[in-house]
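What follows is one structure encoded as structure tokens, with my remarks underneath.
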Amino acid sequence: SVYLNQLRTTTDQKLRVGDYVRIHRRPRRFPVESVDWSSRIIFENEKILVLHKPSGIPCHPTVDNQIENVLNRMKQENQCEYYITHRLDVATQGLLILAKDKSTQRELNLAFQQRKITKIYHALCQNTSLPFAIYEHHMVKSPRAPKTVMDQPAPDTDQCLLEIKNLVVQSEPLSAPALFYEIELMTGRTHQVRAQLSALKAPISGDI
């Protein structure tokens, strides 16, 4: 990624005295080349594409890496413009809906805001038994991770709601002591599931 006067740039530009240039020479790298992207397309029509996003790859450009992400890769693969309608964390795999035009993007964004689309997650948690219930926390507003949540609201916090609905049935025994929960995400904060489960003393297995 290259930035000129705080704005990401992708084209050659003449510099002037006083311009501020930031170049990320050693960006984080993501393994987009190792993925068979065509096999991960679940559904496609003239308006949307539904993709099974692999873990370890961001949905869209990061601050330091503009190239290696789902959005850019699908544009390259299909020679088609796509627009993000929602996000999954880098470490999360699952269904991602990409819009093919701005109108569809706005329609889906609104559907997510109005909670007309249900978001179900499966989380493998360290061996702690949690009651099936709705849990509320309040996340401190910060661009940095790890995210901090508290039990009571404060001026600089966002509400976080999730429901632990069930235990996922396993066809094979788990390799480590853990419980596999089915979770409905009722608000969509960055790293919300990870932060809330950690606050509940049932962190996602392997989450540092």
Side-chain angles (χ1 to χ4, degrees), residues 1-16 18-44 48-102 104-106 108-109 112 119 121-124 139-149 158 160 185 187-195 197-198 203-208:
S1 287
V2 178
Y3 294 81
L4 175 60
N5 297 325
Q6 307 297 338
L7 298 176
R8 193 193 299 267
T9 181
T10 59
T11 59
D12 291 341
Q13 298 186 45
K14 290 185 178 181
L15 300 181
R16 300 174 182 176
D19 280 345
Y20 177 75
V21 179
R22 186 171 90 240
I23 301 171
H24 291 270
R25 298 176 56 217
R26 294 177 181 155
R28 290 170 296 167
R29 302 301 306 273
F30 305 102
V32 295
E33 300 290 344
S34 64
V35 177
D36 180 1
W37 292 98
S38 61
S39 70
R40 290 185 166 269
I41 297 175
I42 305 300
F43 174 81
E44 183 175 13
I48 66 169
L49 182 145
V50 181
L51 183 81
H52 181 192
K53 185 190 95 66
S55 63
I57 297 177
C59 295
H60 52 76
T62 58
V63 170
D64 57 344
N65 188 330
Q66 183 178 333
I67 304 301
E68 295 170 341
N69 58 78
V70 173
L71 190 63
N72 188 62
R73 190 66 189 191
M74 294 312 297
K75 287 180 180 179
Q76 292 179 354
E77 291 273 329
N78 296 340
Q79 297 298 303
C80 176
E81 195 70 27
Y82 293 103
Y83 302 91
I84 287 287
T85 65
H86 65 112
R87 294 166 177 79
L88 296 174
D89 291 343
V90 173
T92 304
Q93 67 169 320
L95 298 183
L96 183 70
I97 306 173
L98 301 178
K100 293 186 176 181
D101 57 71
K102 289 280 190 180
T104 303
Q105 182 190 37
R106 286 192 296 269
L108 285 167
N109 285 343
F112 275 109
K119 293 188 261 186
Y121 286 72
H122 289 172
L124 184 63
M139 182 179 289
V140 177
K141 294 180 181 180
S142 170
R144 300 184 180 277
K147 302 295 186 179
T148 301
V149 296
D158 289 318
C160 295
L185 194 59
T187 55
R189 313 301 179 193
T190 301
H191 299 313
Q192 177 186 331
V193 174
R194 298 171 68 187
L197 289 174
S198 181
I204 292 176
S205 184
D207 188 0
I208 61 171

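What you see is a predicted model, and the numbers here were worked out from it, not measured in a lab. We number each residue from 1, following the sequence as shown.
- Between atom CZ of residue Arg22 and atom OG1 of residue Thr9 there is a gap of 12.5 Å, rounded to the nearest 0.5 Å.
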Could you check Leu95 against Leu88 for side chain to side chain contact (heavy atoms under 4.5 Å, CB included), going step by step and ending with a plain yes or no? CA-CA 9 Å; Leu95 298 183; Leu88 296 174; over 6 Å; no
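- Without hydrogens or angle criteria, Tyr3 side chain to Val63 main chain gives a donor-acceptor distance under 3.5 Å.
- Shown here are the side chain to side chain donor-acceptor pair (under 3.5 Å) partners of Lys100, two or more places apart in sequence or in another chain: Glu44.
- Contact check for Leu49 versus Met74: side-chain heavy atoms found under the 4.5 Å cut-off.
- Arg189 CZ to Lys147 NZ: the interatomic distance, rounded to the nearest 0.5 Å, is 11.0 Å.
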Evaluate Leu98 against Leu71 for side chain to side chain contact (heavy atoms under 4.5 Å, CB included), listing each step before the verdict. CA-CA 8 Å; Leu98 301 178; Leu71 190 63; 4.2 Å; yes
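- Of all the heavy atoms in Ser55 and Ala91, the pair that sits closest is CB-O, 3.2 Å.
- Atom OH of Tyr82 sits about 13.0 Å away from atom CZ of Arg73, to the nearest 0.5 Å.
- Here the side chains of Pro61 and Arg8 are in contact, with some heavy-atom distance below 4.5 Å.
- Heavy-atom minimum distance, Gly56 versus Pro31: O-CD, 3.7 Å.
- The CD1 atom of Ile41 lies 5.0 Å from the CG atom of Asn78; values are rounded to the nearest 0.5 Å.
- At least one side-chain heavy atom of Leu96 sits under 4.5 Å from a side-chain heavy atom of Cys59.
- Judged by distance alone, the side chain of Asn69 and the main-chain N or O of Asn72 form a donor-acceptor pair under 3.5 Å.
- In terms of modelled atom types and a separation under 3.5 Å, the side chain of His86 and the main chain of Ile97 share a donor-acceptor contact.
- Contacts of Ala99 classified as side chain to side chain contact (heavy atoms under 4.5 Å, CB included), with partners at least two apart in sequence or in another chain: Tyr83, Thr85, Thr104, Gln105.
- Remark: Val35 pairs with Trp37, Arg40, Pro54, Ile57 by the side chain to side chain contact (heavy atoms under 4.5 Å, CB included) rule, at least two apart or across chains.
- With rounding to the nearest 0.5 angstrom, the OG atom of Ser1 is 14.5 Å from the CZ atom of Arg25.
- Lys119 places no side-chain N or O within 3.5 Å of a backbone atom of Phe112 that could act as its donor or acceptor partner.
- Remark: Thr62 pairs with Arg28, Phe30, Pro58, Asp64, Asn65 by the side chain to side chain contact (heavy atoms under 4.5 Å, CB included) rule, at least two apart or across chains.
- The shortest distance between side-chain heavy atoms of Leu51 and Ile42 does not fall below 4.5 Å.
- In this view, Arg106 and Lys102, Ser103 satisfy the side chain to side chain contact (heavy atoms under 4.5 Å, CB included) rule, not counting sequence neighbours.
- Arg194 is linked by a salt bridge (Lys or Arg N to Asp or Glu O under 4.0 Å) to Asp207, counting only residues two or more places apart in sequence or in another chain.
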Step by step, would you call Thr11 with Gln13 a side chain to side chain contact (heavy atoms under 4.5 Å, CB included)? CA-CA 6 Å; Thr11 59; Gln13 298 186 45; 3.9 Å; yes
Residue pair His24, Arg26: steps toward the side chain to side chain donor-acceptor pair (under 3.5 Å) verdict: CA-CA 6 Å; His24 291 270; Arg26 294 177 181 155; over 6 Å; no
Check against side chain to side chain contact (heavy atoms under 4.5 Å, CB included), Asn5 and Val21: CA-CA 6 Å; Asn5 297 325; Val21 179; over 6 Å; no
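- Distance check: Ser205 OG to Leu197 CG gives 11.5 Å after rounding to the nearest 0.5 Å.
- Between Thr187 and Gln192, the side chains place a donor N or O and an acceptor N or O closer than 3.5 Å (distance only, hydrogens not considered).
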